[in-house]
Amino acid sequence: MSPVYDRVALIGLGLIASSMFWAIKRAGLAGEVTGYARSEATRDTARRIGLCDRVCDSAAEAAEGADLVVLCVPVGAMGQVAAEIGPVLKSGATVSDVGSVKRAVIDAVGPHIPEEVHFIPAHPLAGTEHSGPQSGFAELYDNRWCLLVPTEGSDAQAVARLRALWEGMGANVEEMEADHHDLVLAVTSHVPHAIAYTMVGVADHLRRVTESEVIKYSAAGFRDFTRIAASDPTMWRDVFLNNREATLDILGRFTEELFMLQRAIRMGDETYLFDYFTRTRAIRRGIIEAGQDTDAPDFGRVKGKPT
């Protein structure tokens, strides 16, 4: 495949950025990929494992001359990074991101983007519980969705070019409005993570069940709660703080559903429980049929390899 961009800069070198690099290299989508991470230890690791063609010692150095700059840092840090790179951005370049929240990113990043630079937020719906530069792999985006969230007046050609990059990395691409994105992700990602963190917290505080028992007897349900709750704490702190309204809305709806379920269990309402579980089971089957997961044991995960 011919390159989509001559030079791509990845600011932040965790799971998402490192997987982008390997996917870009797999398909030959860029002539050069530069990278930057705030931590010197992370930069040293990236150089050691060959992550990025050139690892820079500042965000501005990595972004200067790039045709595409992708912000792969926690949502709460994006405004500061945008301010750092704004003065060196190349005319006609595109700035994008991979954050799980879009309205807050647009508000934080947009003011620092020069008029002659395109700003096209994006969000790849892919990840694992692993983090850091060594966690990335080229297949992360294969048959996963990437949502592009063009801002008002976004250049159609610039959007098409960014779409081509994500499709070249194996992703399915759709466009979505920012506020709707944040509501959808509150349902499909943010609140499920909040519930997972909470359930693990419940086990931690229930002193009548010992830590050794939780670890030894974890059935599939609790085990998969702990997998979600192992996600990067900085990233999720920023997600909840920056998508507060949608998250609280969906948490409220979840609480109402939970109350109805609690009542059905207390009252022994067999019909309600059976019908409820039948409907929700159908949603799980739909996810598998859409190719977004597998019904294999352990969800198809292989020990030692993130999926």
Side-chain angles (χ1 to χ4, degrees), residues 1-78 80-81 84-85 88 94-100 122-144 146 162 165-171 227-228 230-236 238 300-307:
M1 184 177 293
S2 58
V4 178
Y5 297 97
D6 290 334
R7 181 185 296 173
V8 172
L10 303 175
I11 310 300
L13 296 176
L15 167 70
I16 297 299
S18 56
S19 295
M20 287 185 69
F21 172 74
W22 298 121
I24 286 170
K25 285 301 178 181
R26 177 184 66 175
L29 298 170
E32 181 187 28
V33 179
T34 61
Y36 167 74
R38 197 168 297 277
S39 164
E40 183 177 355
T42 300
R43 297 197 299 272
D44 289 343
T45 298
R47 291 182 178 114
R48 177 173 55 81
I49 66 176
L51 178 63
C52 295
D53 300 309
R54 181 162 52 93
V55 177
C56 303
D57 291 321
S58 73
E61 180 187 354
E64 189 169 11
D67 302 289
L68 172 68
V69 180
V70 186
L71 306 181
C72 306
V73 298
V75 170
M78 286 192 183
Q80 179 182 347
V81 173
E84 293 177 19
I85 67 173
V88 304
T94 294
V95 172
S96 188
D97 78 298
V98 295
S100 184
H123 179 203
L125 307 185
T128 74
E129 70 272 32
H130 303 282
S131 59
Q134 294 174 291
S135 59
F137 54 104
E139 299 80 14
L140 180 64
Y141 306 113
D142 288 350
N143 198 35
R144 296 295 180 240
C146 179
L162 185 61
L165 179 80
W166 280 107
E167 289 177 343
M169 289 190 288
R227 175 177 181 261
I228 295 176
S231 300
D232 181 75
T234 301
M235 179 185 77
W236 282 102
D238 287 359
R301 294 194 292 276
V302 178
K303 185 177 181 180
K305 180 180 178 181
T307 59

Arg47 (side chain) donor-acceptor with Val55 (main chain) under 3.5 angstrom: yes

Least distance between heavy atoms, Val88 atom then Ala60 atom: CG2-O, 3.6 Å

Reported OG1-to-CZ distance for the pair Thr34 and Phe21, which is rounded to 0.5 angstrom: 10.5 Å

Side-chain heavy-atom pair Asp142, Arg26 within 4.5 angstrom cut-off: yes

Check: Arg38 side chain, Ala59 main-chain N or O, donor-acceptor pair, under 3.5 Å: no

For Ile49 against Pro133, the heavy-atom pair lying closest together: CD1-O, 3.7 Å

Student check: side-chain heavy atoms of Ile85 and Leu71 closer than 4.5 Å: yes

Ile24 side, atom CD1; Met169 side, atom CE - distance, nearest 0.5 Å: 5.0 Å

Distance (rounded to the nearest 0.5 Å) between Ser58 OG and Glu84 CD: 8.0 Å

Contact check, side chains of Lys25 and Asp53, non-hydrogen atoms, under 4.5 Å: yes

Point-to-point distance, once rounded to the nearest 0.5 Å, from CH2 of Trp166 to CG of Leu29: 11.0 Å

Check: Arg43 side chain, Ala37 main-chain N or O, donor-acceptor pair, under 3.5 Å: yes

Least distance between heavy atoms, Ser96 atom then Ala122 atom: OG-CB, 3.5 Å

From Ser135 atom OG to Leu140 atom CG, the distance as rounded to the nearest 0.5 Å: 9.0 Å

Heavy-atom closest contact (Pro74 atom, Asp238 atom, distance): CB-OD2, 3.3 Å

Any Glu32 side-chain heavy atom under 4.5 Å of Asp6 side chain: no

Ser19 side chain to Phe137 backbone, donor-acceptor under 3.5 Å: yes

Point-to-point distance, once rounded to the nearest 0.5 Å, from OG1 of Thr94 to CG of Leu165: 10.5 Å

Sidechain-backbone polar pair: Tyr5 side chain, Leu162 backbone, donor-acceptor under 3.5 Å: yes

Matching residue for Cys72 among Leu13, Leu15, Val98 - test: side chain to side chain contact (heavy atoms under 4.5 Å, CB included): Val98

Closest non-hydrogen atom pair, Arg7 against Glu64: NH1-O, 3.0 Å

Tyr36 side chain vs Ala9 backbone, donor-acceptor pair below 3.5 Å: no

Residue pair Ile11 / Val69: nearest heavy atoms and the distance that separates them: CG1-CG1, 3.8 Å

